[in-house]
A.B. asks: 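One structure follows; several queries about it will come next.
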2 protein chains.
Amino acid sequence: MLDRSCIEAIDPLLEILDGKWTLPLLLELFVGTKRFGELRRRLDPISPKTLTDRLRLLEEKGIITRTQYSGVPLHVEYEPTERGWNLQPIFAAMWAWVQENSLSDKHGTEKIALT
Amino acid sequence: MLDRSCIEAIDPLLEILDGKWTLPLLLELFVGTKRFGELRRRLDPISPKTLTDRLRLLEEKGIITRTQYSGVPLHVEYEPTERGWNLQPIFAAMWAWVQENSLSDKHGTEKIALT
DNA sequence: CTCCATAGTTCATTTTATGAAACTATTGCA
DNA sequence: TGCAATAGTTTCATAAAATGAACTATGGAG
């Protein structure tokens with residue numbers, strides 16, 4: 001169960017997942033290892049700056065690896081680490097929620113309790 | 001399993017969970033129904049404006065309810081709806097990840113593949 | 001008809017995130 | 001030597017989000 005101790009504890013995770021493109025980016029890498037240019041095309045219209053910002057952060061946090069291949073033309077591949085793959089259940093839970101709860105975009109039904 | 005179709009699908013959920021204080025706020029409400037002032041104290045140093053912004057958004061998205069009690073002094077209680085409670089597995093998955101993966105803040109180990 | 005307590009709102013400002021455009025770096029081949 | 005292809009970086013402008021301080025609203029007790 002969830003209790004108060006979770007509230008501060010999940011902070012490091014929020015730092016990792018924060019930012020406009022982070023979740024779609026991670027989903028792309030869960031689908032399969034990808035190169036910089038491919039990510040850029042798939043996440044269009046992301047800017048290269050934002051993409052590198054995200055990739056660097058995720059790398060620093062140990063969520064993905066960057067592997068550089070020499071050859072012509074030079075290329076680089078990104079893929080999740082084990083820590084990264086371990087995030088999958090979170091995405092699966094999000095996906096499940098969307099499936100079951102997202103169809104109707106309910107609007108707030110305000111209650112007024114009479115005492 | 002996760003596939004490409006998830007990537008756009010989770011967008012409505014990201015709109016709900018976005019924002020600096022949203023996740024801690026929801027965790028507070030999962031722990032128990034709370035009043036405005038209590039949330040404000042627990043989430044200190046959140047500003048009252050940010051707090052109302054979040055509460056209004058979550059209410060509009062059908063994640064929490066606002067119940068106003070007349071009496072002296074007037075007070076208001078916030079609690080998760082069923083849709084809101086259904087988010088718990090997501091938090092549980094986050095919590096589990098933190099437990100198992102967050103202890104060491106690994107730094108990026110860059111690979112260079114020689115071909 | 002004023003005061004207290006709760007729950008906000010308003011608005012100016014600061015901070016942070018995102019974006020667009022142009023530029024750099026690396027490599028091998030022609 | 002110079003070009004093509006990949007993968008970035010840099011700089012600057014803009015947009016979005018968060019903050020802080022002061023103010024408003026409500027309602028009953030006294």
Side-chain angles (χ1 to χ4, degrees), chain A residues 11-26 28-29 32-61 64-79 108 110-115, chain B residues 11 14-26 28-29 32-61 64-79 108 110-115:
Chain A
D11 204 69
L13 180 56
L14 300 189
E15 278 177 35
I16 291 169
L17 299 182
D18 193 39
K20 184 170 176 185
W21 296 96
T22 305
L23 271 63
L25 167 55
L26 276 171
E28 288 292 351
L29 294 180
T33 296
K34 292 204 176 49
R35 299 159 58 158
F36 186 88
E38 196 174 355
L39 288 169
R40 192 176 172 182
R41 282 188 297 278
R42 294 223 186 254
L43 299 174
D44 184 77
I46 196 175
S47 73
K49 175 180 184 302
T50 304
L51 182 52
T52 26
D53 285 353
R54 289 301 169 278
L55 290 168
R56 292 289 175 275
L57 179 79
L58 292 174
E59 196 192 352
E60 189 193 329
K61 298 289 185 181
I64 63 175
T65 56
R66 175 184 188 277
T67 307
Q68 179 174 334
Y69 296 86
S70 53
V72 160
L74 107 115
H75 76 278
V76 170
E77 289 191 345
Y78 294 94
E79 65 182 331
E110 186 142 331
K111 282 190 269 180
I112 302 219
L114 304 175
T115 46
Chain B
D11 205 69
L14 300 189
E15 278 177 35
I16 291 169
L17 299 182
D18 193 39
K20 183 171 177 184
W21 297 96
T22 305
L23 271 62
L25 167 55
L26 276 171
E28 288 293 350
L29 294 180
T33 296
K34 292 204 175 49
R35 299 159 59 157
F36 186 88
E38 197 175 355
L39 288 169
R40 191 177 173 182
R41 282 188 297 278
R42 293 221 186 257
L43 299 175
D44 184 77
I46 196 174
S47 74
K49 176 178 185 304
T50 304
L51 182 53
T52 29
D53 285 354
R54 287 302 166 281
L55 290 168
R56 294 287 176 274
L57 179 77
L58 292 174
E59 196 191 352
E60 189 193 329
K61 298 290 185 180
I64 63 174
T65 55
R66 174 184 188 279
T67 307
Q68 178 172 334
Y69 296 86
S70 53
V72 158
L74 106 114
H75 76 278
V76 169
E77 289 191 345
Y78 294 94
E79 65 183 331
E110 186 144 327
K111 283 190 267 180
I112 304 219
L114 303 175
T115 47

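Sequence lines set the chain letters: A, B, ... in the order given, protein chains first and strands last, and positions in each chain run from 1.
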A.B. asks: Between Pro48(A) and Pro73(A), just flag the one whose closest nucleotide in DNA chain D comes earlier from the 5' side.
C.D. replies: Pro73(A)

A.B. asks: Can you list the steps and then say if Leu58(A) with Ile16(A) is a side-chain contact (heavy atoms from CB on, under 4.5 Å)?
C.D. replies: CA-CA 7 Å; Leu58(A) 292 174; Ile16(A) 291 169; 3.9 Å; yes

A.B. asks: In whole angstrom, what separates Ile46(B)'s CD1 from dT19(D)'s P?
C.D. replies: 7 Å

A.B. asks: Measuring to OP1 and OP2 of dG8(D), would you say a side-chain N or O of Arg66(A) lies under 4.0 angstrom away?
C.D. replies: yes

A.B. asks: Picking from Thr65(A), Leu25(A), Leu39(A), what satisfies side-chain contact (heavy atoms from CB on, under 4.5 Å) with Tyr78(A)?
C.D. replies: Leu39(A)

A.B. asks: State, yes or no, whether a side-chain contact exists between Arg66(A) and Leu55(A) at a heavy-atom distance under 4.5 Å.
C.D. replies: no

A.B. asks: Using a cut-off of strictly less than 4.0 Å, decide whether Arg56(B) has a side-chain nitrogen or oxygen near OP1 or OP2 of dG8(C).
C.D. replies: yes

A.B. asks: Going from NZ on Lys20(B) to CG on Leu14(A), what distance comes out if it is rounded to the nearest 0.5 angstrom?
C.D. replies: 11.5 Å

A.B. asks: If you take all heavy atoms of Leu29(A) and Ile64(A), which pair is closest and at what distance?
C.D. replies: CD1-CG2, 3.7 Å

A.B. asks: What integer distance in Å separates Asp18(A):CG from dT16(C):C1'?
C.D. replies: 10 Å

A.B. asks: Of all the choices, dG8(D), dA25(C), dT19(D), which nucleotide is nearest to the side chain of Leu74(A) once you look at every atom?
C.D. replies: dA25(C)

A.B. asks: Between dG19(C), dG20(D), dA7(C), which one does the side chain of Ser47(B) approach most closely?
C.D. replies: dG20(D)

A.B. asks: Is Arg40(A) near enough to dG8(D) that one of its side-chain N or O atoms lies under 4.0 angstrom from OP1 or OP2?
C.D. replies: no

A.B. asks: In whole angstrom, give the distance that lies between atom CD of Glu59(A) and atom C1' of dA7(D).
C.D. replies: 14 Å

A.B. asks: According to a strict under-4.0 Å criterion, is Lys20(B) in side-chain N/O contact with OP1 or OP2 of dT19(D)?
C.D. replies: yes

A.B. asks: CG of Leu51(A) versus P of dT10(D): gap in Å, rounded?
C.D. replies: 16 Å

A.B. asks: Using a cut-off of strictly less than 4.0 Å, decide whether Tyr69(B) has a side-chain nitrogen or oxygen near OP1 or OP2 of dG27(D).
C.D. replies: no

A.B. asks: Scan Leu26(A), Leu51(A), Ile46(A) and name whichever one has a side-chain contact (heavy atoms from CB on, under 4.5 Å) with Trp21(A).
C.D. replies: Ile46(A)

A.B. asks: Describe the nucleic acid contact of Arg35(A) in one word from base, sugar-phosphate, nothing, applying a heavy-atom distance below 4.0 Å.
C.D. replies: sugar-phosphate

A.B. asks: Tell me the interatomic distance from Lys34(A), atom NZ, to dA7(D), atom P, rounded to whole angstroms.
C.D. replies: 13 Å

A.B. asks: Can you tell me if Thr52(A) touches the phosphate of dG8(D), counting only side-chain N or O atoms and a distance under 4.0 Å to OP1 or OP2?
C.D. replies: no

A.B. asks: Identify the pairs formed between an N or O of the protein and an N or O of nucleotides 12-16 of chain D at a distance under 3.5 Å, and give each distance.
C.D. replies:
none

A.B. asks: Roughly how many Å is it from NE2 in His75(B) to P in dG28(D), rounded to a whole number?
C.D. replies: 14 Å

A.B. asks: Per the side-chain hydrogen bond (donor to acceptor under 3.5 Å, both in side chains) rule, what does the pair list look like for residues 45-54 of chain A, sequence neighbours excluded?
C.D. replies: Thr22(A)-Arg54(A), Ser47(A)-Thr50(A), Lys49(A)-Asp53(A)

A.B. asks: Between Leu55(B) and Gly19(A), just flag the one whose closest nucleotide in DNA chain C comes earlier from the 5' side.
C.D. replies: Leu55(B)

A.B. asks: Using atom CG of Leu14(B) as one end and atom P of dA17(D) as the other, report the distance to the nearest whole Å.
C.D. replies: 13 Å

A.B. asks: Rounded to whole Å, how long is the line connecting atom CD of Glu38(B) with atom C1' of dT6(C)?
C.D. replies: 13 Å

A.B. asks: Given Glu38(B), which partner from the list Arg42(B), Arg41(B), Arg40(B) fulfils the salt bridge (Lys or Arg N to Asp or Glu O under 4.0 Å) test?
C.D. replies: Arg42(B)

